[in-house]
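Just so you know, these numbers come straight off a predicted model, no measurement behind them. Throughout, protein chains are lettered first and strands after them, A, B, ... in sequence-line order, and every chain is numbered starting at 1.
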Amino acid sequence: MTKAQDLPKAYEHQSVEGKWYQFWLSKNYFKADDSSKKPTYTVMMPPPNVTGVLHMGHALNCTLQDTLVRYKRMKGFNCLWQPGMDHAGISTQIVVEKQLASQGIKREELGREKFLEKVWQWKAQSGGMIFKQQQKLGVSVDWDRAKFTLDEDMSLAVKKVFVDLYKESLIYRGNRLVNWCPRCNTAVSDLEVKHQDQKGTLWHIKYGGLTVATTRPETMLGDTAVAVHPEDERYKKLVGKKIKLPLTNREISVIADESVDKDFGSGVVKITPAHDFNDYETAKRHNLEMISIFDNKAIVNENGGAYKGLTSIAARKKVLEDLTEMGLLIKEEPHPMSVGKCDRCEAVIEPMLSDQWFVKIKPLADKAIKVVEDGNIKFYPENWKKTYLDWLYNIKDWCISRQLWWGHRIPAWHCADCKHITVSMEDAKKCENCGSKNISQDNDVLDTWFSSWLWPMNTLGWPAETEALKKYYPTNVLVTGFDIIFFWVARMVMAGLHFKKQIPFKDVYIHGLVRDERGQKMSKSKGNVVDPLDLVNDYGTDALRFTLASFVGAGKDIRFSEDRLDGYRNFINKIWNATRFCLTALEGVELSKNIDANSLTLADKYIVHELGQTINEVTQALENYQFTEAAQKLYQFTWNEFCDWYLELSKPVLYGTDQKQKTQSGAVLVGTLERLARLLHPLIPYVTEEVYQTLRNIYPSIKNEKESICIQEYPTLSDSFLKLASKEAAFEIDVVKKVVGALRNIRGENRISPAIKIKILVQTQSTALLKILQQNDAFITSLGRLEKADYLTQLPDTKKSAVSLLTIGQERINVIVPLEGLVDFNEEIKRLNKELEKVAKDFDIVNKQLTSDNFVKHAPKEILEEKKLLLSQLTDKRQNILASLERLS
RNA sequence: GGGCGCUUAGCUCAGCGGUAGAGCGCUUGCCUUACAAGCAAGAUGUCGCAGGUUCGAUCCCUGCAGCGCCCACCA
């Protein structure tokens, strides 16, 4: 058995955390039970990238989910928190390409097969790392169910979805203008392009008799028209005429199109259909020729004539030089512009014409819109609903093919003979159209998100109608950052509704990004990245978790500051020391099994009352995803009520000689502590398990309970322990607090050393209050560090005393501290003046209100009464202070 | 160009139609037998600006300013 004195003086997270996590795992507490009769609670963890490293965003995300899951588990739910990893197409491929490049190896040299082997090797090597890191955070996920988006069964679902959508004509292949990353050598979706504002230049170039303005002169090599507004009088005559494109001397026509802004530049726009999204649309309207002038690496191709072989930047330079030489460059002016960059590699995106696969998304989006409009899926905070809907209202077809090697290969086979495409679940051996065996599989892979959008379904076995799927789908809540609402959240809703005919989750809790203390995004290049594992090492997981939970405002970004972490580390330590105190003080005391409310101290009944309030508030907060609120309430109760007041109030009993009282009050003390640990556990699992186990080690009554706090019941208001609560006791303790507060204020301001035990007088005319005071003498004496307190009904001679007037409802209490011989009166006079100022200020405010006719006429009765009482209290106080000042001077 | 959010103590942030809050920092006094990662006391705010609604606004409404984010093809 542990001896209380042997407990370490400071909480040692290093020696506690690993131990309990292993214990939890060994007991299988985190496993969801498919045969359970309990209600289910399911959360899908957003799968991190397989090559990823844990960052603060993960820490936040995991903390919130774990808090919810642990809470629900304790509430009696059969919880499934599904872990896993995403293959993360482009990201992973880039990582491995870089690895290889450092050894001087190029992907192309290796070939597809060999390269993929390397990626799998890398995955095996680094893939498990993030799991280990998550474990450090204490995540209570069902590890046995961990999934990877490229697992065989997962891939099968992806394939099925592709084939089905194709058969429904919701997937099509087409030659379209897409965002092309010349670095990654693949098409990317609109979402993967990040627009950056940059300084650019607007060059005015002479095209025959016209002048066009452009920020990208090199693209003129691919111009196939110039456009003017149909109503533009200046150019009306020219519409339909041909002009000669400089440099290439190709003939292009002048067209009229509504999209042209007459007032911009010269009102004439050059049209480059193959490298500009606007121009592409215009070209389609006018049936224009489309000339691609770049190859896959954004290098000018043979269509660029003399400029062939130049990069786009070099081509721009050369084009401008040549135009200048020819006297065709009329003007250049600074012009802000936005440049699209690859989300993954930062390379400038080039719009390019290419053959790609698309999902016709509108039919899917419509369903996803409806469920949110109808409130079947709720966003927390609600304003993200608008963001979600706006995107879906304006959604465009989703380009899902990627010219990469790492990912799900597209299940389509091209026939070399008849050009027909065979799409099927099984590897095609011949063309389904002409029967030719001269076919080859499409080289492309699918967008990563084309597998992620199935995550809530295929992790549970879909398309098979598994027991797990029936039991855990739809899931309860999705917790994620706003940055993937479009990428992932919206698409999961679409997939869920289309394929499973059910929403994937009921609630979506959106949290912000974790930024540095100046509000900057954390990034390696800025060097402001905080590694959560460093923080875990330095402060402990619990401190980090509590900090994150306290910081997470309603969908706002978090500015992370280590100062705050410091404070919460102390909080964890405080919990530990409170435990240590209880155990030491109760060493050898047998706790009563049948607590008799009549034998308890007022402090006991008060703390149980406060505990009940806290249970109520914290439960409400957690049910509504108000993590900050929950954390705040718990912090306050633990530190300000339990430690600051209750433990202090308990000392007279604990250090006293009344053994019977100790068995009674001790039981309340330990009972409250144990329930507090349970209340805190979802947020700070480690220290609470340590507390629970330490108590369990010593007290047999707890020993009979569950062997881990993880599976203990979350405290509820129906707990019979709470019957010991007393509102009256709470009121009486409040009186004690006020008296102690008043005399501590006098002590502090007069700098009377805490080592000096003083005598005080407490006077009140209220017999009820007098009784309360007398009954609580032990508390007042102990907390006030008094030699003695006398309780009187009549005001004594207070000439050489500090007096503080307390008002309790209509009643008054004078706290009188004789100062003679202790201090001179200067400090006391200062104190009084300070207080007078405060009281006078408050008095003015209230008085002003009460003397206003309007207020008296219109304000609700309760408020009026409240103010009147307040005014009379303030009046009393003022008079009292003035009288005291007079006596002292 | 559209949308969203923020502006409260030196810093990081809660809060809310009825006398302004926390943590950290700061000042003062304490090694008071749980905790100095602690205890007690204290100081600090025209709650961004201007209007409006209201008996009463930091809170609700309007406008403005500053900051941040998201979306958008304006050459």
Side-chain angles (χ1 to χ4, degrees), chain A residues 4 7 9-11 195 202 212-216 227 259-261 264-272 276-281 335 337-338 340 351 383-384 386-387 390-391 394 482-483 485-486 512-513 515 517 519 521 550-551 553-585 628-629 632 635-636 643-644 647-648 651 655 741 744-755 757 785 831 834 838 841-846 849 852-860 862-864 866-867 870 874:
Chain A
L7 300 171
K9 203 168 165 182
Y11 177 66
H195 292 272
L202 192 62
V212 301
T214 180
T215 53
R216 299 197 56 196
S259 68
V260 179
D261 178 355
F264 187 91
S266 57
V268 186
V269 187
K270 64 191 268 311
I271 302 295
T272 320
D276 182 282
F277 285 97
N278 271 327
D279 295 359
Y280 177 72
E281 292 303 321
H335 185 74
M337 56 186 272
S338 90
N383 56 298
W384 291 108
K386 190 171 160 47
T387 307
D390 282 351
W391 185 70
N394 302 305
F482 62 80
D483 50 328
I485 290 178
F486 308 143
L513 254 47
R515 298 169 176 279
E517 63 270 290
K521 210 165 175 172
S550 304
F551 260 126
K556 284 190 299 185
D557 286 350
I558 291 175
R559 287 198 199 195
F560 189 80
S561 94
E562 232 170 292
D563 280 354
R564 193 93 171 243
L565 191 55
D566 217 45
Y568 290 128
R569 188 264 322 268
N570 297 353
F571 176 61
I572 304 300
N573 189 49
K574 187 81 178 172
I575 295 167
W576 175 245
N577 271 294
T579 308
R580 211 162 58 86
F581 166 74
C582 295
L583 294 177
T584 322
T628 310
E629 179 84 359
Q632 221 171 56
Y635 185 96
Q636 255 168 38
C643 292
D644 285 351
L647 293 188
E648 293 304 322
K651 282 178 181 175
Y655 294 148
R744 276 178 178 171
N745 174 255
I746 293 169
R747 257 196 123 115
E749 295 280 282
N750 283 290
R751 301 208 180 82
I752 301 168
S753 157
K757 302 231 164 178
R785 306 191 60 75
R831 181 186 78 90
K834 216 153 58 179
K838 212 185 288 173
K841 214 171 94 188
D842 292 347
F843 180 90
D844 283 349
I845 293 168
V846 182
Q849 286 179 313
S852 143
D853 272 357
N854 274 332
F855 177 77
V856 178
K857 230 183 280 171
H858 297 274
E862 314 89 71
I863 298 291
L864 200 62
E866 226 172 79
K867 297 275 176 184
L870 190 59
L874 289 169

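An OP1 or OP2 oxygen of B:C13 is reached within less than 4.0 angstrom by a side-chain nitrogen or oxygen of A:Arg559. In this model, the phosphate group of B:C35 is not approached by any side-chain N or O of A:Asn570 to a distance below 4.0 Å at OP1 or OP2. For B:C74, neither phosphate oxygen OP1 nor OP2 lies less than 4.0 angstrom from any side-chain nitrogen or oxygen of A:Lys270.
Distance A:Asp566 CG to B:C35 P: 20 Å, rounded to the nearest Å. For the pair A:Asn577 CG and B:C35 C1', the interatomic distance rounds to 3 Å; values are reported in whole Å. Atom P of nucleotide B:C4 and atom CD1 of A:Ile485 are separated by 14 Å, given to the nearest angstrom. Spacing between atom CZ of A:Arg569 and atom C1' of B:C24 amounts to 12 Å, rounded to whole angstrom units. A:Asn573 has its CG atom 5 Å from the C1' atom of B:A37, to the nearest Å. Computed from coordinates, the A:Tyr568 OH to B:G38 P distance equals 14 Å when rounded to whole Å. Nucleotide B:C74 holds its C1' atom 8 Å from the CG atom of A:Asp261, rounded to whole Å.
Taking only distance into account, the side chain of A:Lys9 never meets the base of B:C35 through a donor-acceptor pair shorter than 3.5 Å.
The separation of B:G45 from B:A9, taken at their P atoms, amounts to 10 Å, rounded to a whole angstrom. Comparing B:C70 with B:G15, their P atoms sit 24 Å apart, to the nearest whole Å. Remark: the separation of the C1' atoms in B:A43 and B:G3 is 43 Å, to the nearest Å. A distance of about 14 Å separates the C1' atoms of B:G23 and B:A37, rounded to the whole Å. For the C1' atoms, the distance linking B:C11 with B:C49 amounts to 24 Å, nearest Å. One P atom belongs to B:C61, the other to B:A22, and the distance between them is 28 Å to the nearest Å. To the nearest whole angstrom, the two P atoms, one in B:C24 and one in B:G38, are 7 Å apart. Taking atom P on both nucleotides, B:U46 is separated from B:U58 by 13 Å, rounded to a whole Å.
Judged by Watson-Crick or G-U wobble contacts below 3.5 Å, the nucleotide B:U12 has B:A22 as its partner. A 3.5 Å limit on both hydrogen-bonding distances identifies B:G66 as the Watson-Crick or G-U partner of B:C6.
Each of A:Ile752 and A:Ala578 was assigned the nucleotide of RNA chain B with the nearest heavy atom; the assignment lying further toward the 5' end belongs to A:Ile752. Along RNA chain B, the nucleotide nearest to A:Lys841 and the one nearest to A:Val269 differ in position, and the one closer to the 5' end is contacted by A:Lys841.
In terms of modelled atom types and a separation under 3.5 Å, the side chain of A:Asn750 and the main chain of A:Ile746 share a donor-acceptor contact.
The pair A:Asp844-A:Lys841 does not meet the salt-bridge criterion, since no charged nitrogen lies less than 4.0 angstrom from a carboxylate oxygen. For the pair A:Asp390 and A:Lys386, the salt-bridge criterion is met [side-chain N within less than 4.0 Å of a carboxylate O].
Using a 4.0 Å heavy-atom cutoff across all strands shown, A:Glu862 reaches no nucleic acid atom at all.
Distances from the side chain of A:Lys867 to the nucleotides B:U19, B:A37, B:C35 place B:U19 closest.
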